[in-house]
Amino acid sequence: MIRDALPEDAEPIRLFLAANGWAHRVQDAQRFAQLLQQSQRTAVCVDDGTVIGFARAITDELSNGYLSMVVVASGHRRQGVGRGLVEHVTRGGADITWVLRAGRDGAAEFFAALGFEPSLVAMERCRRGN
C-alpha cells in the first residue's frame with residue numbers, strides 16, 4: 001500500500017533507508033525526522049507492516065519540483081512499487097517540471113520509462129561532506 005508518510009513513519013523509514021544503501025545519509029534520527037517533515041511530498045510503501053519503499057519530493061506546487069529520493073527494497077523491485085511511489089509524489093503536477101538526479105545503476109532507464117528525459121541545462125552545487 002502506497003500512502004503519504006506520517007510523522008510516526010520516520011524511524012521505520014530511516015531504518016529501511018539505512019538497510020538499503022542510504023545509511024550515510026540517515027545516521028541522525030532527529031535530522032531525518034526533520035527532513036521528512038520538511039519534504040512537501042512523501043510516499044511510503046508498506047507491505048505486511050514492513051516498509052518496502054520510500055520517495056520524497058520538494059516542490060513549489062506551481063512550476064518546479066525536485067524528486068529527491070526513490071528507494072525500493074531489492075526483493076520488491078520490478079513489481080510497480082517504484083512507479084507507484086513516483087506517481088504518488090508527482091501526482092497532479094502536469095504543469096510542474098520535475099527534475100532528479102539519476103546516478104545509481106539502472107536509474108536512468110527506470111526514470112525514462114516514467115517519462116523523464118536527460119537534460120542538457122541542469123547544473124548543481126553539491127553539498128559539502130555527506
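What's counted below: heavy atoms across the whole structure, side chains too, no hydrogens, waters or symmetry copies.
Counting only heavy atoms from C-beta outward, the side chains of Arg14 and Phe54 never approach each other to under 4.5 Å. Inter-residue side-chain proximity for Val86 and Phe116 is flagged as met; some heavy-atom pair is nearer than 4.5 Å. Within the 4.5 Å cutoff, the side chain of Glu61 has heavy atoms near those of the Arg41 side chain.
Checked by atom type and distance alone, the side chain of Ser39 never pairs as donor or acceptor with a backbone atom of Ala57 at under 3.5 Å.
Nearest heavy atom pair, residue Cys45 against residue Leu85, reads N-CD2, 4.0 Å. Across all their heavy atoms, Leu100 and Tyr66 have their closest contact at CA-CE1, 4.0 Å. In plain terms, the two heavy atoms of Gly21 and His24 that are nearest each other are O-CE1, 3.5 Å. Closest non-hydrogen pair, Asn20 versus Phe16, comes out as ND2-O, 2.7 Å.
By the 4.0 Å N-to-carboxylate-O rule, Asp9 lies too far from Arg56 to be salt-bridged with it.
The neighbour count for Gln30 CD, taken as heavy atoms of other residues, nucleotides or ligands under 6.0 Å away, does not exceed 12. With a 6.0 Å radius and a threshold of 12 heavy atoms from other residues, nucleotides or ligands, Arg101 has its CZ atom at or below the threshold.
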Residues 72-79 side chain polar contacts: donor-acceptor under 3.5 Å, at least two apart:
unit_1 : atom_1 : unit_2 : atom_2 : d
Arg77  : NE     : Val72  : O      : 2.9
Arg77  : NH2    : Val72  : O      : 3.0
Gln79  : NE2    : Gly75  : O      : 3.3

With side chain to side chain contact (heavy atoms under 4.5 Å, CB included) as the test, would you mind laying out the steps for Trp98 and Val89 before giving the verdict?
CA-CA 10 Å; Trp98 290 95; Val89 296; 5.8 Å; no
Verify side chain to side chain contact (heavy atoms under 4.5 Å, CB included) between Ile2 and Glu87, making sure each step is shown before the conclusion.
CA-CA 10 Å; Ile2 296 174; Glu87 289 173 352; over 6 Å; no
Let me see the working for His88 and Asp4 under side chain to side chain contact (heavy atoms under 4.5 Å, CB included), right down to the final yes or no.
CA-CA 8 Å; His88 188 90; Asp4 289 350; 2.6 Å; yes
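Residues Val70 and Val51 fall into different hydrophobic clusters, defined by Ile, Leu, Val, Met, Phe, Trp and Tyr side chains chained together at heavy-atom separations under 4.5 Å.
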